[in-house]
Amino acid sequence: MTEVRPGLGIVADRQARWGVPLAVLVAGMFMSILDVTIVNVAIPTIQNDFGTTVEDVQWVANAYTLALGVVVPLSGWLGDRFGHGRVYILSVLGFALGSALCGISWDLNSLVVFRIVQAIPGGIIPVITLAMVYRIVPREKIGTAMGMYGLGIVFAPAVGPTLGGYLVEYVDWRLIFFINVPIGVLGAVAAVLALPSFPPGRAGRFDVWGFLAVASGLFALLLALSEGESWGWASYRVVILLIYSALSLALFVVIELEVDEPLLDVRIFRHWQFTNSLLLISLMSVALFSGLFYVSLMLQQAQGLGAFETGLVMLPQALATAVTMPIAGRLYDRLGPRLPAVVGLILVAVGTYLMTDLRVETPREHIMWLLVLRGFGMGLAMMPIMTGGLAAVPPHLVSRAGAFNNVVQRTSAALGVAVLTAMLTGHQAQMMADRGALVPATTAPPALGSPGTPSLLGLYAWYQQTNLQVYVAVLDEIFLVTAVISVLGVLGALFLRSSVRAAPGPPAAPAEPAPAEASIPSPRPAPDAGPSLRAQPAAVGADGQESRRPGG
């Protein structure tokens with residue numbers, strides 16, 4: 001039975017109809033985020049196909065990341081200006097088009113250009129999706145919905161290596177792009193049929209100077225992090241980029257505090273719960289992506305597994321995350337964010353600490369179970385942390401808060417991997433030098449094979465074995481640092497709210513705000529409903545605007 005209250009619209013009807021639109025949104029976002037890790041698996045094959053260097057082929061991934069840093073701050077304004085539904089559909093189709101262009105690329109330069117084309121809608125989709133989730137889902141069900149939303153954020157990167165490894169080894173690397181085309185077209189059609197109407201909001205005048213400041217600052221930061229290892233962290237180019245990034249982002253804050261209609265309202269950081277959630281998300285992004293990156297390196301370089309075999313070892317972690325995230329959403333709805341976040345981060349810290357004892361000969365089943373433990377923790381903690389932060393933000397600022405969330409996830413993951421990789425390289429070189437110094441100069445190289453085998457082969461074999469042992473030992477140190485980062489996350493999670501609180505509504509609202517801005521048609525009133533239903537007052541949407549809903 002549909003309940004109708006003056007000023008609220010059809011609340012019960014919306015509660016029965018948000019499941020299908022949410023599934024459509026999650027599928028589109030899953031496709032865009034999966035592309036980040038699925039392409040990384042194909043980098044060596046692309047290098048061999050196009051005959052390029054390692055430094056050049058890395059731009060297939062770097063160009064995508066840099067373009068994301070530029071377009072994400074713009075996403076919230078685009079949704080408010082043109083309507084979230086329209087922007088989402090066009091972005092899904094644009095992502096499919098960019099994927100098709102990547103699949104037909106004829107050399108490395110064309111692939112890099114098409115990756116930029118693909119990244120523009122790919123960066124918009126997660127931000128727009130988050131804003132629409134908060135407009136179609138009732139507030140009391142937002143934890144459950146965010147548990148489903150989180151499948152794209154955590155599960156998609158984890159399952160990428162398995163799917164990408166299979167396509168690269170047994171089919172063709174171009175299929176990792178072509179597979180997005182039918183999914184994108186079907187997703188756009190489903191969005192047209194299933195999503196409610198999202199009218200444009202109050203976008204205001206476009207903040208040109210703020211956009212230039214934040215886009216150029218993020219571009220410089222991500223470029224420095226991407227190329228720091230090859231250019232040298234102390235090189236002039238990296239130092240200049242880092243200084244420029246710091247100055248540009250500081251200028252962005254000043255501009256946003258002065259303009260009447262900011263692109264991203266930095267005053268949102270006055271809400272401590274939201275700021276704390278961003279800090280925790282940055283720590284979890286470092287833990288998530290460093291685990292995916294370095295465990296994959298160890299399995300392939302130290303144990304000699306192929307890309308698909310490596311993906312199979314890491315697949316149970318993704319499945320554990322997928323199972324846990326909906327449960328975490330329900331726990332958030334009942335208990336609030338603190339308890340699931342603390343327990344989840346403790347599991348991540350314990351699982352990561354146990355990985356500090358890995359060796360070259362460690363069974364892959366043991367590594368798999370440690371990853372599963374981390375997967376349970378990630379699934380339990382990520383969405384309650386994000387949802388708890390967004391709950392402190394007024395509903396009309398959720399799209400802008402979502403942009404901050406995506407920027408923090410991208411930059412913190414890139415920063416964490418870059419810093420940890422610099423540590424790995426430096427410690428590996430130092431440890432190899434230390435072990436070499438312990439070997440007396442008069443030591444004969446070990447014998448290898450028959451007596452007539454050249455001694456240099458024995459020396460080379462000894463060097464390779466020592467190098468692998470040093471490499472894994474340094475990885476253990478990296479996992480120890482990541483475990484410490486997870487412990488810091490546990491301490492930060494203790495400051496989250498211990499109960500669920502509704503997000504504050506827009507100021508000066510004349511009536512209780514509706515859970516969503518989506519326009520869902522009202523059914524005809526019953527004959528005995530009375531005259532009050534024939535002239536309902538204006539309902540206040542989640543963006544703070546009034547919208548007339550016909551009563552009959």
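In what follows, residues are counted from 1 in the order of the sequence shown. For the numbers below, each heavy atom of this structure counts, side chains included, while hydrogens, waters and symmetry mates do not. Being a predicted model, the structure only gives us computed values, none of them experimental.
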Is Trp369 atom CH2 crowded by more than 12 heavy atoms from other residues, nucleotides or ligands, each under 6.0 Å away?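 No - once you tally the heavy atoms of other residues, nucleotides and ligands closer than 6.0 Å, there are 12 at most.
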
Neighbour count >12 (heavy atoms, 6.0 Å) for atom CZ, Phe308: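 Yes, the 6.0 Å shell around CZ holds more than 12 heavy atoms from other groups.
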
Donor-acceptor check, side chain of [X] to backbone of [Y], threshold 3.5 angstrom: yes or no?
{"X": "Thr387", "Y": "Pro384", "result": "no"}
{"X": "Ser105", "Y": "Leu101", "result": "no"}
{"X": "Tyr149", "Y": "Pro126", "result": "yes"}
{"X": "Thr324", "Y": "Gly379", "result": "no"}
{"X": "Gln303", "Y": "Thr362", "result": "yes"}
{"X": "Arg374", "Y": "Ala349", "result": "no"}
{"X": "His84", "Y": "Ile128", "result": "no"}
{"X": "Tyr294", "Y": "Thr421", "result": "yes"}
{"X": "Thr52", "Y": "Asn48", "result": "no"}
{"X": "Arg364", "Y": "Leu305", "result": "no"}

Considering non-hydrogen atoms only, spot the tightest contact between [X] and [Y] and give its length.
{"X": "Gln118", "Y": "Asn180", "answer": "NE2-ND2, 3.9 Å"}
{"X": "Ala392", "Y": "Gln273", "answer": "CB-CB, 3.7 Å"}
{"X": "Val472", "Y": "Leu358", "answer": "CG1-O, 3.4 Å"}
{"X": "Leu218", "Y": "Pro73", "answer": "CD1-CG, 3.9 Å"}
{"X": "Val20", "Y": "Ala194", "answer": "CG1-CB, 3.9 Å"}

Testing [options] one by one against [X] for a side chain to side chain contact (heavy atoms under 4.5 Å, CB included), which residue passes?
{"X": "Val57", "options": "Ile46, Asn62, Thr45", "answer": "Ile46"}
{"X": "Ile346", "options": "Val342, Val348, Val343", "answer": "Val342"}
{"X": "Val295", "options": "Leu370, Val313, Ile367", "answer": "Ile367"}

Anything under 30° is parallel, anything over 60° is perpendicular, the rest tilted; go ahead and classify Phe274 against Phe269.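 Aromatic pair Phe274/Phe269 classed tilted.
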
Working for side-chain contact (heavy atoms from CB on, under 4.5 Å), residues Asp357 and Asp476: CA-CA 6 Å; Asp357 196 32; Asp476 291 345; 5.7 Å; no

Taking the side chain as every heavy atom from C-beta outward, state whether [X] and [Y] have any atom pair closer than 4.5 Å.
{"X": "Phe114", "Y": "Phe177", "result": "no"}
{"X": "Met386", "Y": "Asn405", "result": "yes"}
{"X": "Val490", "Y": "Ser486", "result": "no"}

Pair Leu25-Leu195, side-chain contact (heavy atoms from CB on, under 4.5 Å): steps then yes or no: CA-CA 9 Å; Leu25 294 174; Leu195 293 184; 4.0 Å; yes

Quick check for you: to the nearest 0.5 Å, what is the distance between Leu331 atom CG and Met383 atom CE?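 So the gap between those two atoms works out to 14.0 Å.
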
Is the centre of the Trp173 ring less than 6.0 Å from the centre of the Phe50 ring?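 Yes - the distance between ring centres of Trp173 and Phe50 falls below the 6.0 Å cut-off.
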
Verdict with supporting geometry, Thr321 and Phe376, side-chain contact (heavy atoms from CB on, under 4.5 Å): CA-CA 5 Å; Thr321 302; Phe376 279 126; over 6 Å; no

